There are 2 protein chains.
Amino acid sequence: MTEATRALRSDAERTVRQILEAAERVLSRNPAATMEQIAEEAGVARTTVHRRFASRDALVGAMAAWATRRFADAVEAAHPETAPPLVALYQVTANVLRVKLDWGFAMSRALTADPEAARVHAEVEEKCERVFRAAREAGLLRADADLGWARRVYYALIHEAAQSGDGDADALATRVVDTLLRGVGTAQGLTAPR
Amino acid sequence: MTEATRALRSDAERTVRQILEAAERVLSRNPAATMEQIAEEAGVARTTVHRRFASRDALVGAMAAWATRRFADAVEAAHPETAPPLVALYQVTANVLRVKLDWGFAMSRALTADPEAARVHAEVEEKCERVFRAAREAGLLRADADLGWARRVYYALIHEAAQSGDGDADALATRVVDTLLRGVGTAQGLTAPR
DNA sequence: TGGAGTTGCATCATTGATGTTGCATGTTCT
DNA sequence: AGAACATGCAACATCAATGATGCAACTCCA
């Protein structure tokens with residue numbers, strides 16, 4: 001590769017990045033936004049977007065792939081396999097929130113029919129599953145907890161925290177984990193544990 | 001009104017109902033579904049849908065209006081103003097779930113720029129707010145609970161329960177309220193209450 | 001300076017969804 | 001049977017988004 005092509009490719013990649021980020025901003029507000037609006041937000045012509053991404057699907061696919069990679073990295077950086085369950089839970093939450101705050105739309109579309117993305121997601125899901133199992137065995141979750149439901153609730157709480165958007169990732173993670181484990185009640189006046 | 005027109009109007013309303021229900025089924029699976037697909041599901045021609053609803057927006061608006069009415073009725077039937085907070089919470093949850101299981105898409109679109117729907121929703125939101133305040137004063141929620149966050153979590157749990165779809169509305173409501181108040185953890189190994 | 005590569009702009013073709021209309025065919029009640 | 005209305009069908013018009021292309025202008029580096 002010549003110096004020239006390297007520099008040019010760098011320019012091109014910068015443009016691609018700008019488009020991806022613009023698309024995230026626009027589509028997170030309006031998932032049905034047009035290519036024109038995305039191009040405008042990115043500060044480029046619509047034709048440029050089409051030169052970089054063969055189709056709308058290709059663009060969304062690239063966004064999903066990018067977000068999936070950052071997502072997987074965020075989970076891995078928390079060392080969910082080796083850290084104690086509570087620590088892992090907190091760190092994963094904070095790291096994932098950091099990604100989700102910036103790539104919410106892309107992550108919501110990351111479950112499309114892309115083989116690689118599906119593989120990565122399955123892998124992460126597996127890790128999440130293990131953390132929850134470990135948490136239950138460590139007595140962090142109730143012994144009779146439905147892990148499927150717990151995971152759904154966990155995802156939903158992360159989603160809500162990312163939407164509310166007030167506070168940094170660490171504060172939000174604290175709130176998410178606290179709510180997940182303790183709820184918002186005092187546990188008075190309730191039926192005895194099942 | 002003549003007998004004839006009454007009978008005909010009854011037929012027409014039956015068709016309208018079929019279209020609304022078909023639209024809910026189709027759009028809940030694919031929000032971008034075409035009028036053609038909706039008509040097919042309803043067992044009518046596409047032109048018939050257009051005769052009944054001037055535009056796609058009008059159709060979605062009618063779905064939202066219908067769901068909003070059922071939603072408001074469901075909340076009211078739980079007597080949230082007079083029942084004890086925990087009872088109110090449970091009854092409202094179960095009743096709303098019953099509606100949401102059938103009209104999930106329509107309810108998700110019920111916050112559009114329709115003046116009447118907006119008014120009804122604001123009213124319900126107000127009631128929800130009051131129930132949560134009463135719950136906190138009754139010691140059901142923690143004294144330092146963030147009511148805004150609690151309400152978001154509550155909505156999210158209802159949504160998840162409706163999506164998971166296993167079990168009847170009562171079982172799901174039990175799960176939702178239990179999770180909302182106690183979370184899924186044992187409260188061991190956590191930091192002391194703030 | 002010259003070449004390689006990229007972008008913006010204008011333009012066009014295609015496509016799929018939406019919405020409309022006329023007409024023949026039922027259906028229901030009187 | 002006849003009136004009133006609804007429906008299916010076919011055809012049409014419209015429209016917006018998508019995607020493609022040719023060309024001039026620009027940037028960057030050798």
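Every chain is numbered from 1 and lettered A, B, ... according to where its sequence line falls, protein lines coming before strand lines. Because the structure is predicted, anything quoted here is derived from the model rather than measured.
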Practice prompt. Return the set of residues passing side-chain contact (heavy atoms from CB on, under 4.5 Å) with B:Ser108 (not counting sequence neighbours), or none when no residue passes.
Written response: B:Phe105
Discussion item. With a 4.0 Å limit, can you tell me whether A:Thr15 has a side-chain N or O closer than that to the phosphate oxygens OP1/OP2 of C:dT6?
Written reply: no
Discussion item. Whole angstroms only, please: what is the CD-P distance between B:Glu13 and D:dT7?
Written reply: 12 Å
Worksheet item: Can you name the one residue among B:Arg152, B:Arg151, B:Arg130 that meets salt bridge (charged side-chain N to carboxylate O under 4.0 Å, His left out) with B:Glu125?
Response: B:Arg151
Worksheet item: Mapping B:Thr48 and A:Met35 onto DNA chain D by nearest heavy atom, which one lands closer to the 5' end?
Response: B:Thr48
Worksheet entry | Test: B:Arg17 and B:Glu13 ion pair at under 4.0 Å | no
Item to complete: Evaluate the ring planes of B:Tyr154 and B:Phe132, with Trp represented by its six-membered ring, and classify them as parallel (under 30°), tilted (30 to 60°) or perpendicular (over 60°).
Response: tilted
Worksheet item: Counting side-chain heavy atoms from C-beta on, which of D:dT18, C:dT18, C:dC9 comes nearest to B:Thr34?
Response: C:dT18
Worksheet item: For the hydrophobic clusters of this structure (ILVMFWY residues joined by side-chain heavy atoms under 4.5 Å, transitively), does one cluster hold both A:Leu172 and A:Tyr155?
Response: yes
Worksheet item: What is the distance from CZ of A:Arg56 to P of C:dG16, rounded to the nearest Å?
Response: 16 Å
Discussion item. Between B:Arg70 and B:Asp102 (salt bridge meaning N to carboxylate O under 4.0 Å), is one present in this structure?
Written reply: no
Worksheet item: Atom CZ of B:Arg14 and atom C1' of C:dT27: how far apart are they, to the nearest Å?
Response: 12 Å
Item to complete: Return the value, rounded to whole Å, for the distance between atom CD of A:Gln18 and atom C1' of C:dT7.
Response: 12 Å
Practice prompt. Name all residues meeting the ring-ring contact (aromatic ring centres under 6.0 Å, His included) criterion together with B:His159; count only those two or more places apart in sequence or in a different chain, and write none if there are none.
Written response: none
Fill in: Gap between atoms CG and P, on B:Leu59 and C:dT18 respectively (whole Å)
10 Å
Discussion item. Using whole Å, what does the distance between atom C1' of nucleotide D:dG19 and atom CZ of A:Phe53 come to?
Written reply: 15 Å
Worksheet, complete the sentence: Residue pair A:Arg51/A:Gln37 against DNA chain D: nearer the 5' end by closest nucleotide is A:Gln37
Worksheet entry | Touch class at under 4.0 angstrom, heavy-atom based, for B:Thr47 against every strand present | base
Worksheet entry | A:Ile38 CD1 - D:dG19 P separation (whole Å) | 11 Å
Worksheet entry | Length of the line joining B:Arg46:CZ and D:dT7:P, which is rounded to integer Å | 16 Å
Discussion item. Please report the end-to-end axis angle for the helix from C:dT1-D:dA30 to C:dT30-D:dA1, five pairs per end, rounded to 10 degrees.
Written reply: 20°
Response to the item:
A:His50 has its side chain closest, among C:dC9, D:dT18, C:dT18, to D:dT18
